[in-house]
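Index from 1, following the sequence. Small disclaimer: the values here were computed from a predicted structure and weren't measured.
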Amino acid sequence: MSAASEFSFKVGTRLEGRHGRTGIISTPHGDIATPAFIPVGTKATVKAVLPETMKEMGSQALLANAYHLYLQPGPDIVDEAGGVAAFMNWHGPTFTDSGGFQVMSLGVGFKKVLAMEAVGVRSDDVIAEGKQRLAHVDDDGVTFRSHLDGSTHRFTPEVSMGIQHQLGADVMMAFDELTTLMNTRGYQEESLERTRLWAERCLDEHERLTAARPHRPYQALFGVIQGAQYEDLRRKACRDLENLRGGAGTGFDGYGIGGALEKRNLGTIVGWCCDELPEGKPRHLLGISEPEDIFTAVENGADTFDCVNPSRVARNAALYTDEGRFNINTARFKRDFTPIDETCDCYTCVNYTRAYIHHLFKAKEMLAATLCTIHNERFTVRLVDRVRESIDGGYFDEYRTEFLGRWRGRIKAPGL
């Protein structure tokens, strides 16, 4: 039987008086120095970029999506290939999410994101305008229709664990119910208990599958914390998950902080969770990567985090620099023969100009998405690397003030 000892976390330097820290997550496929940004390869690929390129730009791990890989090509095919890392020729650690976010968000028509501001009426039947509900939750699981062909499927905690074990990632997430900020307090409470019961079933099934698949390396399981904007629910969720054990005595290897929340409350909510969570286990924040959010998340205790944003905005011509974000497809860059960012060491900045990339977008060439994604992913990975170095070096506050002063002030680099 594969052993839980194949996965571990060691705390390094701590931010004085705060939950932020550096550390090392050890997995069967390599170590991850934290804090770390985990780029999202939804369908076993970061869109438009080779896995080898992701490694060259400093990515330590990639996250794939259980929902999408379940629908296409199917977890059995990924399992036969030797797991998602072997399937995509990625030589490093991998994460998978449980599929819960996509089942819920696609199921109510919100696609990539749920409402992140607590505005409007409270409703437990929230759905995007003009959309038809495709997911229905009950105490046993979720029945949903595929966004690809309309076919009906059902996820339960056991099904999600089975899919993720077949996908073979080093870190998996327990199946949870994702609520929105529109849901009532009463529904948030019901959902939290449902997620707790599902988490217990995930632990049981995780133990069973780990024993049944001794030929595979150990896969760590993270419990996912919900509770929206409510302090008491977030703290309760943390305590409940920490105390859960499977039938064979297995607890969670780490924790994912999920759910809808307002951006202005991000640090507060992460802080509440880290007040309650054990110091010796890693904490993954699901779905953030904007520079302001990175500093806030790390300071308040997030060890790893993922987001599709760097690649998604890149495909729409938006590029990150230390001095802010800009769109490369505007007319001012037509004759600009400088790199995207002269301080960046990515392949794109070393070899190509703004004028060329501007041309690629205007010509609707696929290479535009590749070059811009390489830059944005490298920018985000490098930023988090520098944040980690600033914690170890004892100058986190100074670095945050200096970086965000430029980013928020939008002090433009030459030509912006």
Should the pair [X] and [Y] be assigned to parallel (<30°), tilted (30 to 60°) or perpendicular (>60°) ring geometry?
X    : Y    : result
H375 : F379 : tilted
F396 : F295 : tilted
Y399 : F403 : tilted

R208 vs D204, salt bridge (charged side-chain N to carboxylate O under 4.0 Å, His left out): CA-CA, chis, key distance, verdict: CA-CA 6 Å; R208 189 186 73 78; D204 287 338; over 6 Å; no
Would you say [X]'s side chain and [Y]'s backbone share a donor-acceptor pair under 3.5 angstrom?
X    : Y    : result
R145 : S151 : no
H153 : F144 : no
R21  : V298 : no
N183 : T180 : yes
R378 : M57  : yes
T373 : T370 : no
T296 : E292 : yes
R283 : G301 : yes
S59  : M54  : yes
N376 : A318 : yes

Residues Q166, E80; criterion side chain to side chain contact (heavy atoms under 4.5 Å, CB included); working and verdict: CA-CA 8 Å; Q166 286 185 300; E80 189 175 338; over 6 Å; no
Check whether the side chains of [X] and [Y] place a donor and an acceptor atom closer than 3.5 Å, and report yes or no.
X    : Y    : value
N65  : T42  : no
T195 : D176 : no
D140 : T156 : no
E52  : N89  : yes
Q164 : S160 : yes

Are the side chains of [Y] and [X] in contact, using a 4.5 Å heavy-atom criterion?
X    : Y    : answer
R382 : C344 : yes
T353 : I357 : no
T94  : L63  : no
R201 : F175 : no
P217 : E6   : yes
R354 : H359 : no
K281 : L277 : no
I294 : L383 : yes

Residue list, salt bridge (Lys or Arg N to Asp or Glu O under 4.0 Å) with D385, at least two apart or on another chain: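 By the salt bridge (Lys or Arg N to Asp or Glu O under 4.0 Å) rule, D385 matches R388.
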CA sep, side-chain torsions, deciding dist, call: V142, W198, side chain to side chain contact (heavy atoms under 4.5 Å, CB included): CA-CA 11 Å; V142 183; W198 288 0; 3.9 Å; yes
Verdict with reasoning, R386 to E389, per salt bridge (charged side-chain N to carboxylate O under 4.0 Å, His left out): CA-CA 5 Å; R386 290 183 291 181; E389 291 165 5; over 6 Å; no
Tell me every residue that passes side-chain hydrogen bond (donor to acceptor under 3.5 Å, both in side chains) with [X], counting only those two or more places apart in sequence or in another chain.
X    : result
S191 : E177
Q72  : none
T34  : none

Gap separating the CZ atom of R325 from the CH2 atom of W407, nearest 0.5 angstrom: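 So the gap between those two atoms works out to 7.5 Å.
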CG-CG distance between L69 and D97, expressed to the nearest 0.5 angstrom: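 If I round to the nearest 0.5 Å, the distance is 9.5 Å.
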Salt-bridge contact E276-R234 (side-chain N to carboxylate O under 4.0 Å): no
D79 and R213 ion-paired at < 4.0 Å: yes
Ring-ring centroid check Y320 F326, cutoff 6.0 Å: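 No, the ring of Y320 stays outside the 6.0 Å limit from the ring of F326, centre to centre.
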Centroid-centroid under 6.0 Å between Y67 and H147 rings: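 Yes.
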Test side-chain hydrogen bond (donor to acceptor under 3.5 Å, both in side chains) applied to E290 and N309, step by step: CA-CA 8 Å; E290 288 296 307; N309 216 48; 2.5 Å; yes
ring-ring contact (aromatic ring centres under 6.0 Å, His included) evaluation trace for H165 with H206: CA-CA 8 Å; H165 269 266; H206 174 52; 5.2 Å; yes
Report all side-chain donor-acceptor pairs from residues 241-254 shorter than 3.5 Å, counting only partners two or more places apart or in another chain.
from	atom 1	to	atom 2	distance (Å)
N243	ND2	R239	O	3.1
R245	NH1	E242	O	2.9
T250	OG1	E207	OE2	2.8
D253	OD1	Y218	OH	3.3
D253	OD2	Y218	OH	2.9
D253	OD2	L221	N	2.8

ring-ring contact (aromatic ring centres under 6.0 Å, His included) partner of H284, the single match among F9, F222, Y255, F95: F95
Please tabulate, for side-chain N and O atoms in residues 266-275, each donor-acceptor pair with protein atoms closer than 3.5 Å (sequence neighbours left out).
from	atom 1	to	atom 2	distance (Å)
D275	OD1	H19	NE2	2.6
D275	OD2	R235	NH1	3.4
D275	OD2	R235	NH2	2.9

Intermediate values then yes/no, salt bridge (charged side-chain N to carboxylate O under 4.0 Å, His left out), R185 and D232: CA-CA 11 Å; R185 164 75 191 216; D232 60 327; 2.6 Å; yes
Evaluation steps, side chain to side chain contact (heavy atoms under 4.5 Å, CB included), between I25 and T304: CA-CA 10 Å; I25 298 174; T304 55; 4.0 Å; yes
Stepwise side chain to side chain contact (heavy atoms under 4.5 Å, CB included) test for F37 and E377: CA-CA 9 Å; F37 170 62; E377 294 286 1; 3.3 Å; yes
